[in-house]
Amino acid sequence: MTWDVLPRSFADADAEDVARALLGHLLVHVVRGRPRVGRIVETEAYLGPHDLACHSSKGRTARTEVMFGAPGHAYVYLVYGMHHCVNVVTGHGAAVLLRAVEPVEGLSTDNTAGPGRLTKALGITLRHNTLPLDEAPLFLARGAEVPARRIARGPRIGVDYAGRWAKEPLRFWVANHPFVSR
DNA sequence: GCGGTGATAGAT
DNA sequence: TCTATCACCGCC
């Protein structure tokens, strides 16, 4: 199989637009020559330093530096001591969290709804932090675009601490898709 | 509903 | 060095 890899410029736009545009495309992690592939069906936009739910609202630190770098790279972090989350950096402190994929190929489990389950199924860890997302081992590839009328939106999950930003409808998902979390 | 788990950031 | 916090998940 040859992949139609999405160029880094795909992520060079507002996080909200990228969050929508990523739905339907593929996340590929090549492990020992074998691709692990999921189709993105749920995302969340984190807009930048002014967005109090976004890690970059704490400023430029060793951890958040990657979000201030070039678009199209991975921001991976560990939460609650055990779950990895992977984001697509869109630049200027913003990024898009990948929350759920539909299993396509090579996954260790078909339990891929939820950011921690997604990274576990694909084998994504802190080692992938800052990697470019247009080349092996970890890249985005063209799937099927999701028509706007099939995209639902609502508040982001788990960011109640962020005041009014917790209510902003910055979570996007494929309507009625069985692999969307919750 | 509750707690495990460890990286992170800020305080001491 | 210490401590609070956390973009979650599995089990109760």
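Letters A, B, ... mirror the listed sequences (proteins, then strands); counts begin at 1.
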Determine whether a donor-acceptor pair (N or O, by modelled atom type, separation under 3.5 Å) exists between the side chain of [X] and the backbone of [Y].
X: A:R156; Y: A:W165; answer: yes
X: A:T64; Y: A:G59; answer: yes
X: A:E44; Y: A:R99; answer: no

With a sphere of 6.0 Å drawn around NE2 of A:H177, does it hold more than 12 non-hydrogen atoms of other residues, nucleotides or ligands?
yes
Write out the stems for DNA chain C, ordered by first number and formatted as range with range, counting runs of at least 3 consecutive Watson-Crick or G-U wobble pairs under 3.5 Å.
B:1-4 with C:8-11, B:6-11 with C:1-6
Using 0.5 Å steps for rounding, measure from the CG atom of A:D134 to the CZ atom of A:R8.
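These two atoms lie 4.0 Å from each other.
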Taking the side chain as C-beta and beyond, is there a heavy-atom pair between A:M67 and A:C54 under 4.5 Å?
yes
Residue pairs involving residues 135-146 of chain A (criterion side-chain hydrogen bond (donor to acceptor under 3.5 Å, both in side chains); sequence neighbours excluded)
A:D4-A:R142
Would a line drawn from the ring center of A:H128 to the ring center of A:H84 be shorter than 6.0 Å?
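No, the ring of A:H128 stays outside the 6.0 Å limit from the ring of A:H84, centre to centre.
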Letter by letter from the 5' end, nucleotides 4-12 of chain C scores (B base, S sugar-phosphate only, - none; protein heavy atoms under 4.0 Å) --BBBSS--
Grab the CG-C1' distance between A:L126 and B:dT5 for me, whole Å please.
13 Å
Send over the distance from A:R60 CZ to B:dT8 C1', rounded to a whole Å.
18 Å
